[in-house]
**Q** 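I am attaching a structure below and will ask some questions about it afterwards.
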There are 2 protein chains.
Amino acid sequence: MAATYKDIRRMTGLSLATISKHFNGGNVTYANRVLIEHAARDLGYRVNDFARGLRSRRSMTLGVVLAELNSTFNTTIVSAMEERLREAGYGTIICDSRGSSQAEAESIRFLIGKMVDGIVIVPVGDDVEGLDAAAERGVPVVAIDRAIANAAVDAVVIDNRTAIASACELLAGAGHTKVALLAGPDSTFTMRERRLGFRQAVKRHTGKLPARTLTQPDNVSIEGGYDGFRRLMRLATPPTAIVCANYEFTLGAIIALNELGPDASAPAIVGFDNLDLARIIRPRPTFVVQPVAQIATRAAEMILQRVHGEATEGPQTVVLDTELVVGDASTYVLARSRS
Amino acid sequence: MAATYKDIRRMTGLSLATISKHFNGGNVTYANRVLIEHAARDLGYRVNDFARGLRSRRSMTLGVVLAELNSTFNTTIVSAMEERLREAGYGTIICDSRGSSQAEAESIRFLIGKMVDGIVIVPVGDDVEGLDAAAERGVPVVAIDRAIANAAVDAVVIDNRTAIASACELLAGAGHTKVALLAGPDSTFTMRERRLGFRQAVKRHTGKLPARTLTQPDNVSIEGGYDGFRRLMRLATPPTAIVCANYEFTLGAIIALNELGPDASAPAIVGFDNLDLARIIRPRPTFVVQPVAQIATRAAEMILQRVHGEATEGPQTVVLDTELVVGDASTYVLARSRS
DNA sequence: AGCCTGAGGCAAAACGTTTCGCCCTCAAGG
DNA sequence: CCTTGAGGGCGAAACGTTTTGCCTCAGGCT
């Protein structure tokens with residue numbers, strides 16, 4: 001049904017080798033190029049990736065494995081990255097781990113089966129299974145957002161410590177007397193780093209800034225944010241400000257905050273990650289914003305370099321800075337200190 | 001480097017045919033099965049999908065083409081669908097059209113090159129280019145969210161007319177004296193249908209319910225919603241309620257609404273699509289909610305049936321009902337009628 | 001005892017590319 | 001006029017599977 005080189009040979013009288021050369025940028029006379037191009041158009045020819053991949057062991061395809069597909073942070077990055085990769089001539093296969101390390105391992109197997117030339121991954125947890133198979137086959141891997149503990153691969157991450165620390169500084173400067181971090185378990189790199197940033201900032205204000213960390217059992221649920229907010233507010237001395245360590249917790253905390261209604265003693269909240277949210281809520285809250293475009297670009301460049309064999313040194317880690325987008329003063333300045 | 005059947009043959013003394021049979025569920029003696037399994041494990045054997053696909057012309061892989069990857073509506077559906085497909089033994093390749101028909105056509109070509117056994121698509125516009133190639137190769141296609149005008153394929157859509165109409169009914173019943181629809185251009189199926197639903201509902205109340213449709217030039221921008229809201233409110237007699245025809249317009253309209261501040265004459269807003277948003281905003285707004293889980297399941301089933309050749313009739317269209325999640329009364333009951 | 005059947009196995013021919021080694025021709029340099 | 005080398009082309013051998021047609025052998029049936 002589908003046309004092949006043989007059909008083109010029949011129409012042009014050229015050999016398979018010549019036809020192949022034409023499609024791969026080799027030396028072919030202009031007349032023959034035209035001939036082949038014409039025949040290909042007539043036949044609706046499309047190269048068979050399977051045959052090509054089988055023979056050449058390259059697929060011109062990169063794989064992307066996402067811890068969670070349903071997350072603006074991830075999809076924004078992937079969308080930008082795919083555009084860049086397509087320009088470079090690579091197709092992209094996106095896989096969803098749905099927060100499961102097992103699905104993640106399956107995705108990696110799937111991609112290796114598809115002979116991808118490289119993999120970009122937003123890992124579910126600290127350890128990623130199945131990367132040894134990638135290493136064996138010489139498939140380069142770049143991690144995004146989180147470094148990988150059990151494999152030495154390139155990574156593009158943000159400066160999580162400074163991100164959280166700068167949020168704390170803002171709050172301390174705005175007169176807050178007790179800040180809290182609403183975080184997930186230490187099992188992921190991101191959470192450990194953010195917690196560390198929080199501790200560092202708090203330490204810098206020792207004696208002046210009582211602090212408290214509330215750790216939710218799971219890492220990314222809206223409920224965790226909602227519930228955490230309420231538990232913090234039930235403390236004997238509730239925090240005057242809450243820093244949320246990820247997007248979902250931010251969402252949950254804001255829901256809980258709204259339920260309090262207009263209340264002078266409502267805590268300030270610093271959110272994470274989602275600018276849309278920041279734009280829609282009045283008064284505008286303060287947000288830690290990740291440089292998604294940069295993350296995408298750097299990750300794309302890194303994987304392309306590895307795939308092209310241009311980068312031969314050991315694994316590199318790129319650390320990017322976040323931005324603290326300060327919202328309306330009323331949302332972060334402590335009421336008592338304003339008077 | 002990678003092990004092949006030949007390596008297994010060397011270890012077991014069996015023929016390639018027998019080994020192939022074993023991996024494809026054919027009849028092989030128990031002793032030989034064990035032998036092969038053992039050798040495969042020792043060698044770290046993984047089947048080469050390229051060779052298999054080249055020969056068998058099946059890839060056990062389905063393609064998903066999304067108009068917009070960065071959209072909760074789309075990713076929620078895909079995430080659920082992928083899970084279902086994986087259970088059925090199929091891998092999934094997700095592609096992002098980034099709202100561009102050209103990228104969409106490229107994605108389809110890409111997928112056909114990868115020999116996918118079927119394609120699920122959320123089309124960018126009314127017409128989709130490249131589907132003829134799928135038809136030629138006998139690759140079944142299922143459209144989601146929007147029907148496709150220039151190709152006869154299966155589709156899973158929602159009842160857009162009733163969705164919008166029921167929102168209007170609610171508003172009319174709540175005493176509103178003028179309703180408006182904030183919509184995009186008629187170039188997409190969804191918009192045409194939603195507009196039609198609006199007109200139908202309005203007609204049912206002729207004389208009693210003045211109405212107005214504001215059409216934004218683009219289809220999915222937050223700015224369109226923001227700007228549309230403001231233009232509607234500048235009318236000589238502004239609407240008392242605004243129905244937003246998609247998620248982005250909802251977002252924009254709510255931003256504009258918030259900027260008005262607490263104002264008794266603020267219009268009611270009925271949003272579209274995003275439950276998270278509905279949960280986070282107080283008082284809770286009213287939302288038209290699509291049955292994402294159902295959409296995912298039905299689409300998965302349809303494409304699997306086609307791929308398995310179980311469904312031989314002409315293209316089917318499944319129409320699912322939306323749900324009108326009514327928010328706090330204060331957000332949709334007309335102030336004047338409350339007194 | 002002969003016949004038939006079905007299970008299990010085998011060799012070899014695809015599948016559609018890329019690539020290797022070889023050949024021809026033509027032009028430029030000696 | 002001969003040599004050299006490069007441009008352009010060719011046939012054929014891979015690549016790792018699946019599949020087809022054929023063979024054998026054991027057991028149950030007449």
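In the text below, chain A, chain B and the rest are named by the order of the sequence lines, each starting its count at 1.
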**Q** Find the distance A:Lys21:NZ to D:dG7:C1' and express it as a whole number of Å.
**A**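 That distance rounds to 8 Å.
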**Q** Between A:Tyr5 and C:dT18, is there a contact of a side-chain N or O with OP1 or OP2 at under 4.0 Å?
**A**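 Affirmative; the distance criterion is met.
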**Q** Does B:Asn24 place a side-chain N or O at less than 4.0 Å from the phosphate oxygens OP1/OP2 of D:dT18?
**A**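 Looking at the OP1 and OP2 atoms of D:dT18, one of them is under 4.0 Å from a side-chain N or O of B:Asn24.
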**Q** Between P on D:dG8 and CD1 on A:Ile19, what's the gap in Å once rounded to a whole number?
**A**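 It works out to 17 Å between those atoms.
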**Q** Can we say B:Asp117 and B:Arg58 salt-bridge, meaning some charged N sits less than 4.0 Å from an Asp/Glu carboxylate O?
**A**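 No, this pair does not count.
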**Q** Output the rounded distance in Å from CZ (A:Phe23) to P (C:dT18).
**A**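 Distance check: A:Phe23 CZ to C:dT18 P gives 9 Å.
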**Q** Quick check: do A:Val122 and A:Ile77 have side-chain heavy atoms less than 4.5 Å from each other?
**A**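 Of all side-chain heavy-atom pairs linking A:Ile77 with A:Val122, none is under 4.5 Å.
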**Q** Quick one: on DNA chain C, does B:Thr18 or B:Ser56 contact a more 5' nucleotide (nearest heavy atom)?
**A**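 First, find each residue's nearest nucleotide; the 5'-ward one identifies B:Thr18.
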**Q** Rounded to the Å, how far apart are B:Met60 CE and D:dT17 P?
**A**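 In whole Å, D:dT17 P and B:Met60 CE are 17 Å from each other.
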**Q** Under 4.0 Å between a side-chain N or O of A:Tyr45 and OP1 or OP2 of C:dT17?
**A**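 Yes, because at least one side-chain N or O of A:Tyr45 sits under 4.0 Å from OP1 or OP2 of C:dT17.
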**Q** C:dG16 P sits how many Å from A:Phe50 CZ, rounded?
**A**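 A:Phe50 atom CZ is separated from C:dG16 atom P by 12 Å.
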**Q** Check whether any side-chain nitrogen or oxygen of B:Ser15 sits under 4.0 Å from OP1 or OP2 of C:dA11, and answer yes or no.
**A**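 The answer is no; no side-chain N or O of B:Ser15 sits under 4.0 Å from OP1 or OP2.
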**Q** Does some side-chain heavy atom of A:Thr75 sit less than 4.5 Å from a side-chain heavy atom of B:Asp96?
**A**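 A side-chain contact under 4.5 Å is absent here.
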**Q** Counting side-chain heavy atoms from CB outward, which of C:dG8, C:dT19, D:dG16 is closest to A:Ser20?
**A**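 When the side chain of A:Ser20 is considered, C:dT19 is the closest of C:dG8, C:dT19, D:dG16.
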**Q** A:Leu54 has a side chain; which of D:dT20, D:dT18, C:dG16 sits nearest to it?
**A**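 Nearest to the side-chain atoms of A:Leu54, counting from C-beta on, is C:dG16.
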**Q** By the 4.0 Å heavy-atom rule, please label A:Arg33 as base, sugar-phosphate, or nothing.
**A**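 No contact at all - A:Arg33 keeps every heavy atom at 4.0 Å or more from the nucleic acid.
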**Q** Under the 3.5 Å rule, do the base of D:dT18 and the side chain of B:Arg55 count as making a donor-acceptor pair?
**A**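 When only heavy-atom distances are counted, B:Arg55 does reach the base of D:dT18 through a donor-acceptor pair under 3.5 Å.
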**Q** Hey, does the side chain of A:Thr4 come within less than 4.0 Å of C:dG16's phosphate (OP1/OP2), counting only N and O?
**A**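 So the side-chain polar atoms of A:Thr4 never come under 4.0 Å of the phosphate oxygens OP1 or OP2 of C:dG16.
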**Q** If I take atom OH from residue B:Tyr5 and atom OG1 from residue B:Thr18, how far apart are they, to the nearest 0.5 angstrom?
**A**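 These two atoms lie 11.0 Å from each other.
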**Q** Does B:Asn48 have a side-chain nitrogen or oxygen under 4.0 Å from the phosphate oxygens OP1 or OP2 of D:dT17?
**A**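 Looking at the OP1 and OP2 atoms of D:dT17, neither is under 4.0 Å from any side-chain N or O of B:Asn48.
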**Q** How many Å lie between CZ on B:Arg57 and P on D:dT18, as a whole number?
**A**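 Nearest whole value for this atom pair: 15 Å.
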**Q** Quick one: is D:dT19 close enough that its OP1 or OP2 comes under 4.0 Å of any side-chain N or O from B:Arg58?
**A**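 For D:dT19, OP1/OP2 do have a side-chain N/O of B:Arg58 under 4.0 Å.
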**Q** Report, as yes or no, whether the 6.0 Å neighbourhood of atom NE2 on B:His308 holds more than 12 heavy atoms from other residues, nucleotides or ligands.
**A**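 Check passes, neighbour count above 12.
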**Q** Are any of the side-chain heavy atoms of B:Asp7 and B:Met11 separated by less than 4.5 Å?
**A**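 Result no, sub-4.5 Å side-chain heavy-atom pair not found.
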**Q** Rounded to whole angstroms, how far apart are CE on B:Met115 and P on C:dT17?
**A**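 My rounded result for the distance is 8 Å.
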**Q** Let me know the distance between CZ of B:Arg46 and C1' of D:dG16, rounded to the nearest Å.
**A**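 In whole Å, D:dG16 C1' lies 14 Å from B:Arg46 CZ.
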**Q** For a quick check of understanding: with a heavy-atom distance under 4.0 Å over all strands, which category does B:Asp49 fall into, base, sugar-phosphate or nothing?
**A**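 Nothing, no heavy atom under 4.0 Å.
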